[in-house]
Amino acid sequence: MTKEMNVSFIKPYHQGIQKESIRNKHLYNKFLNWVSVEFDLYLQEEIHGLEVFFPNGKFTIKSIAERKQDILIEINVKSKDLKAINSIGNQILSIHRQIESIYSN
C-alpha cells in the first residue's frame with residue numbers, strides 16, 4: 001500500500017506533510033540515522049529530530065507524540081518544486097517502510 005503525502009501550497013512553497021508511527025525510540029533513532037545518511041550531501045540540523053536543507057526547500061522529521069505502543073512522527077517537506085516534494089517524500093517513506101520491515105521481529 002502506497003501512502004501519499006498531504007500536499008498544500010502556502011506561497012512560495014508547496015508543503016507535504018505525512019504522519020507515521022514507529023514502534024519505539026530505538027527504531028526512531030535508527031530511522032533518523034538512515035535518512036541522514038541518504039541525504040548526507042545536504043546541510044543538516046539534528047536539534048529536534050532531523051532537518052535537512054536542499055536546493056529550494058527543506059524537510060523535517062520530528063517526534064510529535066510518544067504513546068504507550070509507539071511514537072507518532074511527522075515528516076514535513078517544503079519546496080518550491082512540487083516534483084521535489086514527491087521525490088523526497090517517497091524516499092523518506094521508503095526508508096520508513098524498510099525500517100519497519102527489517103526490524104518487525
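These numbers were taken from a predicted model, which means no experiment stands behind them.
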Any chance you could measure N33, atom CG, to E46, atom CD, to the nearest 0.5 Å? 8.0 Å
Nearest 0.5 Å please: distance from the CG atom of L27 over to the CD atom of E100.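 Here the rounded value is 6.5 Å.
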Does atom CZ (F53) have a neighbourhood of more than 12 heavy atoms from anything else shown, all under 6.0 Å?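 Counting other residues, nucleotides and ligands, CZ of F53 exceeds 12 neighbours.
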Would a 4.5 Å heavy-atom cut-off, applied to side chains only, mark [X] and [Y] as touching?
X	Y	result
S79	H14	no
F31	I73	yes
I17	E74	yes
N76	Q15	yes

If you apply the rule side-chain hydrogen bond (donor to acceptor under 3.5 Å, both in side chains), what do you find for E38 with Q91, and how did you get there? CA-CA 9 Å; E38 180 75 16; Q91 282 180 274; 3.1 Å; yes
Side-chain donor/acceptor of S101 to backbone N/O of R97, under 3.5 Å: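 Side chain of S101 to backbone of R97, a donor-acceptor pair under 3.5 Å: yes, one is there.
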Is a donor on one side and an acceptor on the other found under 3.5 Å between the side chain of H96 and the backbone of S21?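 The answer is yes, because a donor-acceptor pair under 3.5 Å joins these two groups.
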Is [X] linked to [Y] within one hydrophobic cluster, defined over Ile, Leu, Val, Met, Phe, Trp and Tyr using a side-chain heavy-atom separation of less than 4.5 Å?
X	Y	answer
Y28	I102	yes
V35	L72	no
I92	W34	yes

Please determine, by modelled atom types, if Q18 and E20 share a side-chain donor-acceptor pair under 3.5 angstrom. yes
Would you call K25-E66 a salt bridge at under 4.0 Å N-O?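 The answer is yes: the pair qualifies as a salt bridge.
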